[in-house]
Q: 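The following block contains the structure, expressed as structure tokens.
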Amino acid sequence: MPVINRSPDSATVGSVILLGIIGVVAAQTAIASDTEKYIQDKCAGCHALSADDFDVNDMSERLRRKGPPLYYAGDKFKKEWLQGWLQSPSRIRPGGGFPPDHTVVTDDGDVIDEKTLPEHPSVAKPKAGDVAEFLLTLHLKARPPLKTAYQPKEVSPMLGKMNFNKFKGCSACHRDEEGVGGLSGPELYSAWNRLQPEFMVSYIKNPVAWDPHSMMPNKHLQEPEIHKLVDYLKLIGEKRP
Ligand code: HEC
Ligand code: HEC
């Protein structure tokens, strides 16, 4: 009886594998373009997704957009935080957006009119993963170089706080505790959980290199001084639940 050789020849195996790869790549591309379209539709009205689109416009563009730029999201956010926050967003900037346009002047100073603050739209679970994945592919084209890599060090809570509040004046615009500190910048007690450490160092060093319309002043700090501030953000961030 003739033996029938059922094993496919290597050319067949090759083309089956190749077709398989094309299929996987095509499916991934479909997810990416589907997600990209979703983000264009649902997010781009408030968030700049490309630097070119943002740079050419003046400050009015930033004001119109309402939300912070996302074209460097891949350099900025921690993945786990981003996926979770998109599903149940909580406020990061006490004043709502940019600039804080919900401030009322009172005898006790500026307060935020919470009632007028809009809720951020949320993204349902399966989609949130794809959206986060896509946003994390966005990077700044020319990331400003740092002299030394950030290595976390211990800092005393008291000295860290004094440095943040008194010496470097960060609390004029930022909060290192819930309900305490400035209103115009993002809360920083959650910064360590939200942001990549190297991004924090780089942004504090030169905010305009990231966002030409940034309202954060360049304090002309040296990298070792910035590392100490980030050590403090780590300390207070890790203390949170
Ligand atoms: C109506 C305007 C608006 C729309 C639409 C919108 N956002 Fe936002 N987004 C904002 C504002 C304002 C903030 C700042 C909120 C805060 O700090 O509390 C923000 C914050 C964010 C942040 C945190 C950014 C940071 O630097 O802290 C992310 C991430 C984000 N939005 C993603 C998205 C995604 C993804 C979509 C689409 C599904 C979207 N947003 C739709 C206005 C919007
Ligand atoms: C005059 C107000 C002001 C001062 C003072 C200031 N910042 Fe900021 N900072 C801002 C604003 C506004 C933003 C971000 C704007 C945006 O993208 O929405 C920002 C952003 C940041 C970010 C990125 C956070 C994020 O979620 O996007 C970090 C980290 C930061 N500042 C740290 C500091 C530190 C540390 C100091 C003290 C050396 C400081 N800032 C002083 C206004 C200020």
Side-chain angles (χ1 to χ4, degrees), residues 39 42-49 54 57 59-78 80-106 108-123 128 131-132 135 138 140 164-165 168-197 199-204 206-219 229-230 232-234 236-237 240:
I39 294 174
K42 304 266 190 216
C43 323
C46 294
H47 294 285
L49 297 167
F54 200 51
N57 296 301
M59 195 63 187
S60 63
E61 177 64 11
R62 177 73 203 241
L63 303 183
R64 188 181 67 73
R65 292 272 191 179
K66 293 192 168 62
L70 292 179
Y71 56 80
Y72 49 84
D75 300 308
K76 176 168 182 177
F77 300 110
K78 288 185 172 164
E80 215 169 81
W81 174 84
L82 186 58
Q83 278 178 350
W85 188 85
L86 290 173
Q87 293 168 59
S88 62
S90 56
R91 199 161 314 288
I92 302 166
R93 291 158 188 77
F98 178 93
D101 46 5
H102 300 269
T103 317
V104 202
V105 182
T106 72
D108 299 329
D110 293 351
V111 292
I112 301 292
D113 185 1
E114 302 252 349
K115 290 192 299 295
T116 64
L117 289 175
E119 295 285 318
H120 193 275
S122 60
V123 184
V131 171
L135 291 177
L138 305 178
L140 199 69
F164 184 86
N165 293 339
K168 305 293 188 318
C170 313
S171 57
C173 304
H174 293 286
R175 300 182 156 191
D176 64 341
E177 265 179 63
E178 237 164 293
V180 186
L183 299 173
S184 54
E187 63 183 35
L188 291 185
Y189 47 83
S190 64
W192 183 260
N193 303 321
R194 290 188 287 116
L195 308 174
Q196 299 174 24
F199 167 79
M200 292 196 261
V201 175
S202 181
Y203 193 90
I204 296 168
N206 188 356
V208 171
W210 290 89
D211 172 357
H213 306 311
S214 179
M215 299 273 276
M216 158 112 174
N218 186 333
K219 297 261 195 184
L229 286 163
V230 175
Y232 176 62
L233 299 180
K234 175 173 186 284
I236 59 177
R240 286 170 56 82

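Being a predicted model, the structure only gives us computed values, none of them experimental.
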Q: In chain order, what residues pass the side-chain hydrogen bond (donor to acceptor under 3.5 Å, both in side chains) check against S190, with sequence neighbours excluded?
A: E187, R194

Q: Is I236 close to F164 at the side-chain level, that is, under 4.5 Å between some pair of heavy atoms?
A: no

Q: What's the shortest heavy-atom distance between Y72 and D211, and which atoms?
A: OH-CB, 3.8 Å

Q: Taking C-beta and beyond as the side chain, do P94 and R175 meet within less than 4.5 Å on heavy atoms?
A: yes

Q: For the atom pair CD1 (I204) and NZ (K168), what is the distance rounded to the nearest 0.5 Å?
A: 10.5 Å

Q: Evaluate N165 against C170 for side-chain contact (heavy atoms from CB on, under 4.5 Å), listing each step before the verdict.
A: CA-CA 6 Å; N165 293 339; C170 313; over 6 Å; no

Q: Within a strict 4.5 Å, meaning less than it, do heavy atoms of the I39 and L70 side chains meet?
A: no

Q: Check R91 against L117 and note the closest heavy-atom contact, atom names and distance.
A: NE-CD1, 3.4 Å

Q: State, with a plain yes or no, whether a side-chain heavy atom of P69 is found less than 4.5 Å away from one of H47.
A: no

Q: For the aromatic rings, using the six-membered ring if either is Trp, is the centroid distance between F199 and W210 under 6.0 Å?
A: yes

Q: Suppose we screen for side-chain contact (heavy atoms from CB on, under 4.5 Å). Which residues come up paired with P217, at least two apart in sequence or across chains?
A: K219

Q: Considering non-hydrogen atoms only, spot the tightest contact between L49 and A44 and give its length.
A: CD1-CB, 3.8 Å

Q: Using a 6.0 Å distance limit plus a 45 degree cone around the ring axis, check whether K78 lies over the aromatic ring of W192.
A: yes

Q: Are any non-hydrogen side-chain atoms of N218 and V208 less than 4.5 angstrom apart?
A: no

Q: Compare every heavy atom of F77 with every heavy atom of Q196, then report the nearest pair and how far apart it is.
A: NE2-O, 2.8 Å

Q: Please report the closest heavy-atom contact between R93 and P186, naming both atoms and the distance.
A: CG-CA, 3.8 Å

Q: Determine whether K42 and V131 make a side-chain contact, defined as any pair of heavy atoms from C-beta on separated by less than 4.5 Å.
A: no

Q: Do the side-chain N and O atoms of D176 and Y232 include a donor-acceptor pair separated by under 3.5 angstrom?
A: yes

Q: Check whether any side-chain heavy atom of L233 sits under 4.5 Å from a side-chain heavy atom of L195, and report yes or no.
A: no

Q: How far does CG of L86 sit from CG of L135, to the nearest 0.5 angstrom?
A: 6.5 Å

Q: So do L140 and Y71 actually touch side chain to side chain, heavy atoms under 4.5 Å?
A: yes

Q: Give, for atom CD of E177 and atom OG of S171, the distance between the pair rounded to the nearest 0.5 Å.
A: 10.5 Å

Q: Between CG of N206 and CE of M216, what distance do you get to the nearest 0.5 Å?
A: 10.0 Å

Q: Working to the nearest 0.5 Å, report the span between OH of Y189 and NE2 of H174.
A: 12.5 Å

